[in-house]
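All values reported here derive from a predicted model rather than from experimental measurement.
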Amino acid sequence: MARSRSGTAAVEFALIVPALATIFLGVSQVSDLVVGTTHMQTGVRTSIQYALDGGTDMTAGANLGLSAWQNKPSNATLAASEYCTCDGETTVCTQTCSDGSVPNEFVTATATGRVGGTIYYANKTLTETARIR
């Protein structure tokens, strides 16, 4: 008895399409997460670079970082601050250390925001610190 196989390909296709769609959606969402994190990192590094180039107004540095952060989420924040240390102890940046040396100066930039797609996302905080003196 001969059987018809004309619908076999359609059945196989119907079985594989959900798996392929899930894989495609997952890759797309994860790539949105990676790209969003990269854009956040660009904002943080812009704030740090402002200080490395001699900028002293940390509010302006944070604003520059926010401007450089492409496709930032609506809840995006970026803050930049400076601090100084003498022998590992936090000190005032305008005073010399007890041994007469100039204190080490650091700038820290911290960005927060939701990155990713609509299914896979993360509320991320990214902090970088650089020594500028």
Side-chain angles (χ1 to χ4, degrees):
M1 177 180 289
R3 295 186 185 159
S4 173
R5 294 183 166 253
S6 61
T8 304
V11 170
E12 290 172 352
F13 184 72
L15 291 174
I16 197 70
V17 164
L20 290 175
T22 302
I23 290 169
F24 176 75
L25 183 61
V27 168
S28 171
Q29 293 287 304
V30 170
S31 71
D32 286 346
L33 185 71
V34 171
V35 169
T37 301
T38 302
H39 289 318
M40 178 188 278
Q41 192 172 46
T42 298
V44 168
R45 289 184 176 175
T46 298
S47 294
I48 296 287
Q49 190 62 49
Y50 167 78
L52 288 171
D53 290 341
T56 57
D57 181 358
M58 293 299 107
T59 301
N63 289 335
L64 281 172
L66 279 171
S67 296
W69 185 350
Q70 294 178 5
N71 301 320
K72 62 183 165 281
S74 60
N75 69 338
T77 64
L78 199 150
S81 62
E82 67 179 338
Y83 67 95
C84 292
T85 62
C86 288
D87 296 325
E89 300 290 323
T90 303
T91 187
V92 178
C93 292
T94 56
Q95 296 177 353
T96 58
C97 298
S98 59
D99 63 0
S101 65
V102 176
N104 294 321
E105 185 176 359
F106 298 88
V107 170
T108 298
T110 302
T112 60
R114 181 177 178 230
V115 295
T118 55
I119 297 172
Y120 298 118
Y121 63 88
N123 291 313
K124 191 161 182 71
T125 299
L126 182 69
T127 302
E128 290 191 24
T129 300
R131 180 178 172 195
I132 58 174
R133 178 182 56 190

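Applying the disulfide bond (SG atoms under 2.5 Å apart) rule to pairs touching residues 10-71 yields nothing, sequence neighbours excluded. Counting only residues at least two apart or on different chains, no disulfide bond (SG atoms under 2.5 Å apart) pair has a member in residues 98-133. Sorted by first and then second residue, the ring pair (Phe, Tyr, Trp, His ring centres under 6.0 Å) pairs involving residues 90-133 (not counting sequence neighbours) are Y83-F106. Identified under the side-chain hydrogen bond (donor to acceptor under 3.5 Å, both in side chains) test for residues 31-42, with sequence neighbours left out: none. Residues in residues 22-83 take part in no disulfide bond (SG atoms under 2.5 Å apart) pair, two or more places apart or across chains.
Nearest heavy-atom pair, I48 versus V107, reported as atom, atom and distance to 0.1 Å: CD1-O, 3.5 Å. Nearest heavy-atom pair, S47 versus A62, reported as atom, atom and distance to 0.1 Å: OG-CA, 3.8 Å. Of all non-hydrogen atoms in G113 and M40, the two that sit nearest each other are N-CE, 3.7 Å. Contact between C86 and T91 at its shortest, heavy atoms only, is SG-CG2, 3.5 Å.
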List the atom pairs, donor and acceptor, that lie under 3.5 Å between side-chain atoms in residues 96-104 and the rest of the protein, sequence neighbours left out.
| residue | atom | partner | partner atom | Å |
| --- | --- | --- | --- | --- |
| D99 | OD1 | S101 | N | 3.0 |
| D99 | OD1 | S101 | OG | 2.6 |
| N104 | OD1 | R131 | NH2 | 2.6 |

Expected list for residues 64-73: side-chain donor-acceptor pairs under 3.5 angstrom, two or more places apart:
| residue | atom | partner | partner atom | Å |
| --- | --- | --- | --- | --- |
| S67 | OG | N63 | O | 3.0 |
| K72 | NZ | L66 | O | 3.0 |

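Of the possible donor and acceptor atoms, none in the side chain of T108 sits under 3.5 Å from a partner among the backbone N and O of T129.
With sequence neighbours excluded, the residues forming a side-chain contact (heavy atoms from CB on, under 4.5 Å) with T125 are T110, T112, T127, listed by chain and number. For E82, the salt bridge (Lys or Arg N to Asp or Glu O under 4.0 Å) criterion is met by no residue, not counting sequence neighbours. Legend: residues meeting salt bridge (Lys or Arg N to Asp or Glu O under 4.0 Å) with R133, ordered by chain and number and at least two apart, are E105. By the side-chain contact (heavy atoms from CB on, under 4.5 Å) test, V92 is found to be paired with T94, Q95, residues two or more places apart in sequence or in another chain being considered.
Annotation for D87: atom CG does not count as buried by contact number, only 12 or fewer foreign heavy atoms lying within 6.0 Å.
V35 forms part of no hydrophobic cluster, judged by ILVMFWY side-chain heavy-atom separations under 4.5 Å.
Side-chain heavy atoms closer than 4.5 Å link hydrophobic residues (I, L, V, M, F, W, Y) into clusters, and following such links, possibly through other members, connects M58 to L52.
Note: L20 CG to L15 CG = 11.5 Å, rounded to the nearest 0.5 Å. To the nearest 0.5 angstrom, L78 atom CG is 9.0 Å from L126 atom CG.
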